[in-house]
Amino acid sequence: MSTNEMKRIYLSPPHMSGKEQSYIDEAFETNWIAPLGPHIDAFEKQMAAYVGTADAVAVSSGTAAIHLALQLLGVGTGDKVFCSSFTFVASANPIRYCHAEPVFIDSEPETWNMSPSALKRAFEDADRRGELPKAVIVVHLYGQVSKMDELMALCEQYEVPLIEDAAESLGSTYKGKQSGSFGKLGIFSFNGNKIITTSGGGMLVSDDVELLRKARFLATQARDTAPHYQHSSMGFNYRMSNILAGVGRAQLEVIDDRVAARRAIFDNYVRAFSARQGVSFMPELNGTRSNRWLSTLVLDKEETDATVTELLATMEAANIEARPLWKPLHLQPLFEGTRFYAHAGEIAVCERLFESGLCLPSGSSMSFVDQVRVMDCMNVVFDKAVEKSVQSA
Ligand SMILES: *Cc1c(COP(=O)(O)O)cnc(C)c1O
């Protein structure tokens, strides 16, 4: 095998536009190295304009943005917060930072995101107990926006604020509106593997300008107006640096290209495998447009002998990075004993997805040659499975 063939294909590596360096240089030339500065102001304005919210606050990570959102909504000791179960642990850890308790809500099959019927039962139960949650965290997984009309109607009915964890869905829309702009607060991540990156960073967005003013205050150590250092509430050191905001500006300028590239890669995978028995890709709900952050698929055990384990092992042997889908948080040892509401009775949709699905390399800089290398590698596994089933028939 040539060295090029063996070069590692990553799941979702950073993809620089080329303009980042000039913004970094500008920060150095003007000595805006210290936190905050003109890149922060510009990046926040550009994010708010892109997402369609009144304002935005740049912070050190998506996790920090979720923590701030919960603080702003007054989540504290003993409070309940409803959260999607099918997600990365960072969606729920900040609930624990606030000494509150998560209640996990299952997915539904059409978006793989929070099930409105499970949320409804969770609300009814909580209402009966007199334990309504302080907030609901809805995650838009792999770029697919959740069923916002149904979820928002329930949150409005019970008068509980909704936080959108849009860490994976920058650039995705629901009925033409950007993800992150529906809830009381929305959060984004610019971690190295996300659709755009500042190497590490996040953003809190909202139409509530007063709430975001308070977010800026809390994120900079909650310093009262006084000539000396005066503090009457507990703050955090959660702001983004001016240098990283420069990287973010350059990245945001190409977001639409990045979405187009990821969608094209997804379409190529669909074209390559849609004829395979027992393979189905993450759906796209009518009226939504996913950024296809990661191309994901599930295998139907009844229809194919190919397994997730075998596909992952074969790709790893070929130096290709693929991953299982997120392990539901209600199954994590960290959250043992927390309450969970399944989509329909006893059937947990997210457990089935976790057991049968995987994420394929999806970086926006991935060449067609590399895509074919992934497809060829997977086809070996699928062909073997077909042979096996023919022999046993
Ligand atoms: C990446 C991610 C986060 C956390 O963002 P960081 O910037 O890494 O802190 C939160 N939620 C989801 C769904 C994510 O994928």
Across all chains, not counting sequence neighbours, the ring pair (Phe, Tyr, Trp, His ring centres under 6.0 Å) partners of Tyr269 are none
Excluding Val390, membership of its hydrophobic cluster (Ile, Leu, Val, Met, Phe, Trp, Tyr; side-chain heavy atoms within less than 4.5 Å) reads Val386
| said: Looking at Asp149, is its backbone amide N or carbonyl O close enough to the side chain of Tyr174 to form a donor-acceptor pair, meaning the two atoms are under 3.5 Å apart? | reply: yes
Side-chain donor/acceptor of Ser356 to backbone N/O of Val298, under 3.5 Å | no
Here the gap from Tyr142 atom OH to Cys359 atom SG, rounded to the nearest 0.5 Å, amounts to 4.0 Å
Would you confirm whether Arg121, through its side chain, and His343, through its main-chain N or O, come within 3.5 Å as a donor-acceptor pair?
yes
Glu108 and Lys120: CA distance, side-chain angles, deciding distance, salt bridge (charged side-chain N to carboxylate O under 4.0 Å, His left out) verdict: CA-CA 13 Å; Glu108 50 78 23; Lys120 183 164 185 285; over 6 Å; no
Worksheet item: Do you see a donor-acceptor pair shorter than 3.5 Å between the side chains of Asn379 and Arg276?
Response: yes
| task | Please confirm whether the backbone N or O of Val205 pairs with a side-chain atom of Thr53, one donor and one acceptor, at under 3.5 Å? | result | no
- Query: Does a donor on one side chain sit under 3.5 Å from an acceptor on the other, for Thr288 and Gln144?
  - Reply: yes
Applying salt bridge (Lys or Arg N to Asp or Glu O under 4.0 Å) to Glu26 and not counting sequence neighbours gives none
Just checking, any donor-acceptor pair under 3.5 angstrom between side chains of His15 and Ser364?
yes
### Aromatic centroids of Phe88 and Trp326 separated by under 6.0 Å
yes
Side-chain donor/acceptor of Glu20 to backbone N/O of Gly18, under 3.5 Å: yes
Rounded to the nearest 0.5 angstrom, the NE2-CZ distance for His39 and Arg249 is 6.0 Å
Check for me whether the distance between the ring centres of His67 and Tyr238 falls short of 6.0 Å. yes
Inset, instruction - Examine distances only and state if a side-chain atom of Asn113 and a backbone atom of Leu141 form a donor-acceptor pair shorter than 3.5 Å. - result: yes
Is it the case that Tyr23 and Glu253 place a side-chain donor and acceptor less than 3.5 Å from each other? yes
Do Ile95 and Leu218 belong to the same hydrophobic cluster, where Ile, Leu, Val, Met, Phe, Trp and Tyr are linked whenever their side-chain heavy atoms lie under 4.5 Å apart, directly or via other members? yes
Next item on the list: Examine Phe104 together with His330 and report whether their ring centres are nearer than 6.0 Å.
Entry: no
Legend entry - Side-chain donor/acceptor of Ser181 to backbone N/O of Gly52, under 3.5 Å: no
Is Glu168 salt-bridged to Arg262, cutoff N-O under 4.0 Å? no
Tracing side-chain contacts under 4.5 Å among Ile, Leu, Val, Met, Phe, Trp and Tyr outward from Phe368 reaches Val372
The reported gap from OH in Tyr50 to CG in Leu252 (rounded to nearest 0.5 angstrom) is 7.5 Å
Rounded to the nearest 0.5 Å, the NZ atom of Lys175 sits from the OG1 atom of Thr173 at a distance of 12.0 Å
Taken to the nearest 0.5 Å, the spacing of Gln71 CD from Leu73 CG works out to 10.0 Å
**Asked** For Arg271 and Asn268, does a side-chain donor sit closer than 3.5 Å to a side-chain acceptor?
**Response** yes
Around atom CZ of Phe236, are there more than 12 heavy atoms of other residues, nucleotides or ligands at under 6.0 Å?
yes
In short, ring pair (Phe, Tyr, Trp, His ring centres under 6.0 Å) pairs touching residues 208-233 with sequence neighbours left out are none
### Task
Go through the steps to decide whether Met366 and Ile265 satisfy the test side-chain contact (heavy atoms from CB on, under 4.5 Å), and finish with yes or no.
CA-CA 8 Å; Met366 191 182 180; Ile265 291 167; 4.1 Å; yes
Practice problem: For the pair Lys184 and Glu164, find out whether any cationic side-chain nitrogen is under 4.0 Å from an anionic carboxylate oxygen. | Solution: no
Note to self: Has Thr111 got a side-chain atom pairing as donor or acceptor with Ser146's backbone, closer than 3.5 angstrom?
What the structure shows: no
Taking it one step at a time, do Ile163 and Ile66 satisfy side-chain contact (heavy atoms from CB on, under 4.5 Å)? CA-CA 8 Å; Ile163 298 168; Ile66 298 171; 5.5 Å; no
| task | Would you kindly confirm whether Leu70 and Leu72 end up in one hydrophobic cluster when ILVMFWY residues are joined by side chain heavy atoms under 4.5 Å apart? | result | yes
inquiry  = If you count every heavy atom of other residues, nucleotides or ligands that lies below 6.0 Å from Arg216 atom CZ, does the total exceed 12?
reply    = yes
Practice task
Evaluate the ring planes of Phe123 and Phe82, with Trp represented by its six-membered ring, and classify them as parallel (under 30°), tilted (30 to 60°) or perpendicular (over 60°).
Solution key: tilted
Notebook entry, point to check: Between Ser17 and Arg258, does any side-chain donor sit less than 3.5 Å from a side-chain acceptor?
Noted result: no
Salt bridge (charged side-chain N to carboxylate O under 4.0 Å, His left out) assessment of Glu355 paired with Arg352: CA-CA 5 Å; Glu355 283 158 15; Arg352 185 182 51 77; over 6 Å; no
Determine whether more than 12 heavy atoms belonging to other residues, nucleotides or ligands lie under 6.0 Å from atom CD of Glu302.
no
Legend entry - Centroid-centroid under 6.0 Å between Phe190 and Phe43 rings: yes
Under 3.5 Å, is there a donor-acceptor pair between the side chain of Asn193 and the main chain of Ser12? no
### Message
Determine whether Val51 and Met203 satisfy the following criterion, side-chain contact (heavy atoms from CB on, under 4.5 Å), listing intermediate values before the conclusion.
### Response
CA-CA 11 Å; Val51 174; Met203 193 74 74; over 6 Å; no
**Study point:** In one Ile/Leu/Val/Met/Phe/Trp/Tyr side-chain cluster, 4.5 Å: Ile195, Met47
**Key:** yes
Examine distances only and state if a side-chain atom of Ser362 and a backbone atom of Leu294 form a donor-acceptor pair shorter than 3.5 Å.
no
Notebook entry, point to check: Same hydrophobic cluster for Tyr97 and Leu68, using side-chain heavy-atom links shorter than 4.5 Å among ILVMFWY?
Noted result: no
Counting only pairs under 3.5 Å, give me each side-chain donor-acceptor contact of residues 127-137, with atom names and distances, residues two or more places apart or in other chains.
residue	atom	partner	partner atom	Å
Arg128	NH2	Asp125	OD1	2.7
Lys134	NZ	Gly74	O	3.2
Lys134	NZ	Asp79	OD2	3.2

CG (Asn191) and OG1 (Thr197) are apart, to the nearest 0.5 Å, by 6.0 Å
### Message
According to a hydrophobic-cluster definition based on side-chain heavy atoms being under 4.5 Å apart (Ile, Leu, Val, Met, Phe, Trp, Tyr only), do Leu285 and Ile105 belong together?
### Response
yes
### Task
Using distance alone, with no hydrogens and no angle criterion, decide if Ser115 and Ser117 have a side-chain donor and acceptor under 3.5 Å apart.
yes
Carboxylate-amine/guanidinium proximity below 4.0 Å for Glu387 and Lys384:
no
More than 12 heavy atoms of other residues, nucleotides or ligands under 6.0 Å from NZ of Lys301: is that the case? no
Worksheet item: Which is it for Met375 and Gln371 under the side-chain contact (heavy atoms from CB on, under 4.5 Å) test, yes or no, and what are the steps along the way?
Response: CA-CA 6 Å; Met375 292 167 192; Gln371 292 168 48; 4.1 Å; yes
